[in-house]
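Just so you know, residue 1 is the first one in the sequence shown, and it goes up from there. In each ligand, atom 1 is the first atom listed, and ligand 1 is the first ligand listed. On a predicted model such as this, the values are computed, not experimentally measured, just so you know.
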Amino acid sequence: MRIVTKSEDMQRLSIEYKRQGKTVGFVPTMGYLHEGHTSLINIAHKYADVVVVSIFVNPIQFGPSEDYDRYPRDIERDKEILEKMGVDVMFYPSVDDMYPKGFTTYVEVKGLSDKLCGRYRPGHFRGVTTVVAKLFNIVMPDVAVFGEKDAQQAIIIKRMVRDLNFPVKIIVGPTVREPDGLAMSSRNEYLTEEERKVAPAIYQSLLLAKGLVEQGERDTSKIIAAMQEFLSKYDRIKVEYIEIVDKEELNPIERLEKGEALIAIAAYLGKARLIDNISVKVGGDNG
Ligand code: AMP
């Protein structure tokens with residue numbers, strides 16, 4: 001596996017792959033890899049000849065009081081995992097390489113970036129879209145893979161790609177969970193033993209919601225109230241938001257009609273801010 005730390009070198013390497021007629025698959029990450037990440041790498045391998053994984057904890061997507069400094073990092077372990085997976089290139093740039101002195105250009109997907117998590121993390125998605133646009137220009141992937149776990153992020157990136165004509169196909173991989181249902185996340189590392197025990201309740205509340213939809217409930221305020229009531233049994237879980245939205249504009253839905261909706265939750269468990277979501281599909285008039 002090649003380890004590339006300079007954007008210029010990465011760009012040159014990608015141009016060379018293209019010259020050789022190879023397709024490039026790309027999985028951007030912030031490292032501290034888990035099976036959620038590796039599932040996306042497996043998908044990238046299926047779609048492309050060469051797989052590039054970036055490891056970059058992107059400072060501009062963290063708010064001033066957020067966890068940039070203490071975000072878990074273990075580059076040696078990440079390197080071993082990527083090597084074992086047959087990844088071709090690990091792109092591991094420095095903050096100075098990505099944001100040189102005088103950096104002042106940002107990419108913003110208006111509207112979508114202010115919804116759901118965006119309401120509580122101002123500037124977060126602007127940081128995400130800016131870094132992903134930069135990474136796309138550096139890695140020049142044919143295919144890039146993102147996780148459904150960060151559903152809003154995937155929707156925003158798809159919109160950016162469409163709006164700015166990035167020549168890349170976006171693939172969204174399913175959320176990988178621990179055996180007890182907790183969505184895998186580098187931030188699960190923050191959980192104490194006690195917090196870890198109750199953390200699966202977040203996913204259970206989503207399953208409860210899905211069950212209600214399957215039983216015919218269409219009033220989203222009732223579904224959200226049931227989730228809140230279920231989670232209120234867990235003192236340690238502090239819900240930030242629960243919303244049921246459409247999957248294009250991320251606007252709240254009052255009554256579920258035919259089509260797909262996203263049920264999204266963010267909650268604090270001690271120091272960890274955890275997010276999760278589930279999609280629900282309503283069939284016809286009676287489905
Ligand atoms: P991160 O390192 O947290 O920025 O995540 C990098 C990529 O992995 C993003 O596309 C995430 O959506 C995806 N990802 C993170 N956790 C999971 C998971 N549990 N299942 C699937 N994809 C995930």
(message) Any salt bridge linking Arg159 with Glu249? Criterion: basic side-chain nitrogen under 4.0 Å from a carboxylate oxygen.
(response) yes
(message) Looking only at protein heavy atoms, which one is nearest to atom 11 (C) of ligand 1, and what is the separation?
(response) Asp150 OD2, 3.1 Å
(request) Identify which one of Gln11, Lys6, Arg12 satisfies the side-chain hydrogen bond (donor to acceptor under 3.5 Å, both in side chains) criterion when paired with Glu8. (result) Arg12
(message) Does the plane of the ring in Phe146 sit parallel, tilted or perpendicular to the ring in Phe136? Use 30° and 60° as the thresholds.
(response) perpendicular
(request) Would you mind running through ligand 1 and noting each atom that sits below 4.0 Å from a heavy atom of Pro174? (result) 20 (N), 21 (C)
(message) Going by side-chain contact (heavy atoms from CB on, under 4.5 Å), Phe91 matches just one of Thr5, Leu13, Leu135, Val53. Which one?
(response) Leu135
(request) Pick, from Thr29, Leu33, Val145, Leu40, the option with the minimum heavy-atom distance to atom 8 (O) of ligand 1. (result) Leu40
(request) Could you list which atoms of ligand 1 come closer than 4.0 Å to a heavy atom of Thr175? (result) 20 (N), 21 (C)
(request) Report, as yes or no, whether the 6.0 Å neighbourhood of atom CZ on Arg2 holds more than 12 heavy atoms from other residues, nucleotides or ligands. (result) no
(request) Name the closest protein heavy atom to atom 20 (N) of ligand 1, giving the residue it belongs to and the distance to 0.1 Å. (result) Val176 N, 2.8 Å
(message) With nothing but distance in play, are any N or O atoms of Ser185 less than 3.5 Å from an N or O of ligand 1?
(response) no
(message) Looking only at distances, can you tell me whether any N or O atom of His37, backbone or side chain, sits closer than 3.5 Å to an N or O atom of ligand 1?
(response) yes
(message) Looking at ligand 1, would His34 count as a contact under a 4.0 Å heavy-atom criterion?
(response) yes
(request) Please write down residue, atom name and distance for the protein heavy atom closest to atom 23 (C) of ligand 1. (result) Lys149 CB, 4.0 Å
(message) Considering non-hydrogen atoms of the protein only, which is the closest contact for atom 4 (O) of ligand 1, and what is the distance?
(response) Met30 CG, 3.5 Å
(request) Before accepting this row, confirm whether a basic side-chain N of the pair Asp78/Arg73 lies closer than 4.0 Å to the acidic partner's carboxylate O. (result) no
(message) What I want to find out is whether Glu80 reaches Arg77 closely enough, with some N-O distance under 4.0 Å, to be called a salt bridge.
(response) no
(message) Can you tell me if Gln153 contacts ligand 1 (heavy atom of the residue under 4.0 Å from the ligand)?
(response) yes
(request) Flag the pair Arg177 and Asp276 as a salt bridge only when some basic side-chain nitrogen lies within less than 4.0 angstrom of an acidic carboxylate oxygen. (result) yes
(request) Would you mind telling me if ligand 1 is within reach of the side chain of Met184, the backbone, both or neither, using heavy atoms under 4.0 Å? (result) both
(request) Look at atom 3 (O) of ligand 1 and say which protein heavy atom is nearest, naming residue and atom and giving the distance to 0.1 Å. (result) Tyr71 OH, 3.9 Å
(message) Looking at Arg119 and Glu243, is any side-chain nitrogen of the basic one under 4.0 Å from a carboxylate oxygen of the acidic one?
(response) yes
(message) With the threshold set at under 4.0 angstrom, would you say Ala154 reaches ligand 1 through any of its heavy atoms?
(response) no
(message) To check your reading of the model: name the closest protein heavy atom to atom 22 (N) of ligand 1, its residue, and the distance in Å.
(response) Gly147 CA, 3.5 Å
(request) Please confirm whether the backbone N or O of Lys149 pairs with a side-chain atom of Asn277, one donor and one acceptor, at under 3.5 Å? (result) yes
(message) Within ligand 1, which atoms have a heavy atom of Phe146 less than 4.0 Å away?
(response) 10 (O)
(request) Give a yes or no on whether a salt bridge exists between Arg196 and Asp180, defined as a side-chain N under 4.0 angstrom from a carboxylate O. (result) yes
(request) Distance to 0.1 Å, residue and atom name: give those for the protein heavy atom nearest to atom 6 (C) of ligand 1. (result) Pro28 O, 3.4 Å
(message) Please check whether Gly173 reaches ligand 1 - meaning an N/O of the residue sits under 3.5 Å from an N/O of the ligand, judged on distance alone.
(response) no
